[in-house]
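Everything on this sheet refers to the single structure shown next.
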Amino acid sequence: QMADPFLYNTGDRSHYGCLGHEVQIEYLKAYVCRPSFSTDKAVIVVHDVFGWRFPDIRYIVDLIAGHGYIAICPDFFKGTEPWKSTDHWGDFADWMKHHDPMKVDKEADVVLKYLKEQCGAKKIGIVGFSWGGMAVHHLMLKNPQLTAGVSLYGRIIRDSEERYNLLNPTFFIFGEKDHTISLDQIFLLEEKLKQYCKVSYKIKVYPGQVHGFAQLKPEDMKPDDKPYIEEARKDMIDWIKMFV
């Protein structure tokens with residue numbers, strides 16, 4: 001029995017009461033949380049394979065809003081079924097064909113338009129986890145409207161040198177013990193960014209951490225991992241604060 005290479009244990013999760021609300025934006029549903037004061041800064045949160053309703057991702061949206069940003073997590077799966085922990089790993093590649101993290105440009109544009117026109121956002125950053133981390137990497141190569149990006153443990157795609165010419169500052173967060181992303185791949189990413197990237201970037205590997213580590217809610221964290229999870233979140237927020 002091969003371990004699910006791309007997924008992490010979602011079995012023992014506590015319930016989460018969200019602080020934000022759901023909205024309809026054109027053909028997309030989205031979860032939005034606003035800070036207690038008005039701001040013209042926003043952050044798009046890109047969910048992982050478990051979709052926009054996954055409690056961990058909503059927790060992250062609320063956390064970012066708590067730092068003073070309009071935070072929004074759109075349904076990048078456009079109403080189709082997210083991956084479920086009960087699904088069979090053998091079907092994952094096929095599922096991914098219909099949920100391509102490189103095909104998010106149209107949805108990103110719809111959300112950017114909403115943030116600018118309906119929320120008065122002038123500076124917009126983006127963070128994404130796993131599947132969403134891949135989407136962030138892609139969007140930071142394509143969409144100059146995104147002022148800064150944070151890609152958390154997005155599998156590294158090496159299809160061409162075009163993968164490294166980022167348009168705006170991007171921070172890549174990885175776990176040292178992530179069995180979907182080897183340290184060799186991370187070193188190669190670093191090497192290529194040094195060669196091709198003209199904007200600020202940062203790569204950081206967190207000791208002993210597995211795939212999905214940074215989005216755990218406090219009550220689901222193991223004591224040994226907690227300092228690294230908190231550090232990764234602080235680093236994520238600091239990067240956003242520096243550029244958005």
Side-chain angles (χ1 to χ4, degrees), residues 16-48 51-79 101-129 131-152 154 166-171 173 199-202 214-215 232-244:
Y16 179 63
C18 303
L19 305 176
H21 62 283
E22 294 183 3
V23 293
Q24 183 79 38
I25 310 167
E26 292 183 28
Y27 64 96
L28 291 177
K29 283 191 158 68
Y31 173 70
V32 184
C33 189
R34 288 170 177 266
S36 53
F37 51 88
S38 79
T39 176
D40 61 2
K41 296 177 174 193
V43 175
I44 299 169
V45 178
V46 191
H47 54 70
D48 61 16
W52 73 296
R53 287 201 165 101
F54 190 44
D56 291 15
I57 214 72
R58 298 210 163 180
Y59 172 77
I60 295 290
V61 173
D62 294 354
L63 179 89
I64 292 170
H67 284 277
Y69 295 88
I70 300 159
I72 184 166
C73 178
D75 176 12
F76 280 95
F77 297 163
K78 301 172 288 216
M102 308 300 133
K103 296 202 169 104
V104 288
D105 303 85
K106 191 166 167 250
E107 287 68 51
D109 283 339
V110 166
V111 176
L112 281 160
K113 183 171 179 260
Y114 168 80
L115 288 170
K116 288 178 172 174
E117 293 177 5
Q118 308 296 315
C119 308
K122 292 192 170 51
K123 284 184 97 174
I124 301 166
I126 190 165
V127 305
F129 297 80
W131 186 94
M134 296 163 77
V136 166
H137 186 164
H138 167 78
L139 287 166
M140 293 311 292
L141 298 162
K142 300 279 184 223
N143 199 318
Q145 298 181 77
L146 296 162
T147 320
V150 185
S151 168
L152 294 97
L166 299 160
L167 298 175
N168 278 315
T170 309
F171 179 23
I173 286 175
V199 296
S200 298
Y201 66 86
K202 184 175 167 184
Q215 61 214 78
R233 287 196 189 147
K234 185 183 182 307
D235 292 345
M236 170 184 83
I237 298 288
D238 287 349
W239 187 263
I240 294 288
K241 285 190 170 160
M242 198 164 16
F243 297 107
V244 181

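What you see is a predicted model; the values in this text were computed from it and never measured.
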With sequence neighbours left out, the residues meeting side-chain contact (heavy atoms from CB on, under 4.5 Å) with Ile237 are Ile64, His67, Lys241

Report task. Walk me through it: do Asp56 and Asp48 pass the test side chain to side chain contact (heavy atoms under 4.5 Å, CB included)? Result -> CA-CA 10 Å; Asp56 291 15; Asp48 61 16; over 6 Å; no

Partner of Leu146 under side chain to side chain contact (heavy atoms under 4.5 Å, CB included), picked from Val43, Val244, Ile124, Thr170, is Ile124

Sorted by chain and residue number, the side-chain contact (heavy atoms from CB on, under 4.5 Å) partners of Met102 (sequence neighbours excluded) come out as Asp100, Met134, His138, Ile157, Arg163

Exercise. Between the side chains of Asn143 and Asn168, is a donor N or O closer than 3.5 angstrom to an acceptor N or O?
Worked result: no

Just by modelled atom types, is the Trp52 backbone N or O under 3.5 Å from a matching donor or acceptor in the Tyr31 side chain?
no

What one should report as the nearest heavy-atom pair of Val199 and Pro169 is CG2-N, 4.0 Å

Sorted by chain and number, sequence neighbours left out, ring pair (Phe, Tyr, Trp, His ring centres under 6.0 Å) with Phe171 holds for Trp239

Hits for side-chain hydrogen bond (donor to acceptor under 3.5 Å, both in side chains) against Gln118, two or more places apart or cross-chain, chain-then-number order -> none

Closest non-hydrogen contact found for Val104 with Ala135 is CG2-CB, 4.0 Å

d(Arg53 CZ, Arg58 CZ) to nearest 0.5 Å is 6.5 Å

Side chain to side chain contact (heavy atoms under 4.5 Å, CB included) evaluation trace for Phe77 with Trp131: CA-CA 11 Å; Phe77 297 163; Trp131 186 94; 3.5 Å; yes

- Query: Is the number of heavy atoms from other residues, nucleotides or ligands within 6.0 Å of NZ (Lys202) greater than 12?
  - Reply: yes

Heavy-atom closest pair (Ile57 atom, Val46 atom, distance to 0.1 Å) is CD1-O, 4.3 Å

Contacts of Lys116 meeting side-chain hydrogen bond (donor to acceptor under 3.5 Å, both in side chains) (sequence neighbours excluded), chain-then-number -> Gln145

Minimal heavy-atom distance between Val127 and Val136, with the atoms involved, is C-CG2, 3.6 Å

Closest non-hydrogen contact found for Ala214 with Ala232 is CB-CB, 4.3 Å

So the salt bridge (Lys or Arg N to Asp or Glu O under 4.0 Å) pairs with at least one residue in residues 23-34 (sequence neighbours excluded) are Glu26-Lys113

The side-chain contact (heavy atoms from CB on, under 4.5 Å) partners of Ala65 (sequence neighbours excluded) come to Cys33, Ala71

Sorted by chain and residue number, the side-chain hydrogen bond (donor to acceptor under 3.5 Å, both in side chains) partners of Lys142 (sequence neighbours excluded) come out as none

By side-chain contact (heavy atoms from CB on, under 4.5 Å), Asp238 pairs with (sequence neighbours left out) Lys234

The side-chain hydrogen bond (donor to acceptor under 3.5 Å, both in side chains) partners of Asp235 (sequence neighbours excluded) come to Lys204, Tyr206

Of all heavy-atom pairs linking Val61 and Cys73, the shortest is CG2-CB, 3.6 Å

(request) With side chain to side chain contact (heavy atoms under 4.5 Å, CB included) as the test, would you mind laying out the steps for Leu28 and Tyr114 before giving the verdict? (result) CA-CA 11 Å; Leu28 291 177; Tyr114 168 80; over 6 Å; no

Quick note, side-chain hydrogen bond (donor to acceptor under 3.5 Å, both in side chains) partners involving residues 38-47, not counting sequence neighbours, are none

NZ (Lys122) and CG (Leu115) are apart, to the nearest 0.5 Å, by 12.5 Å

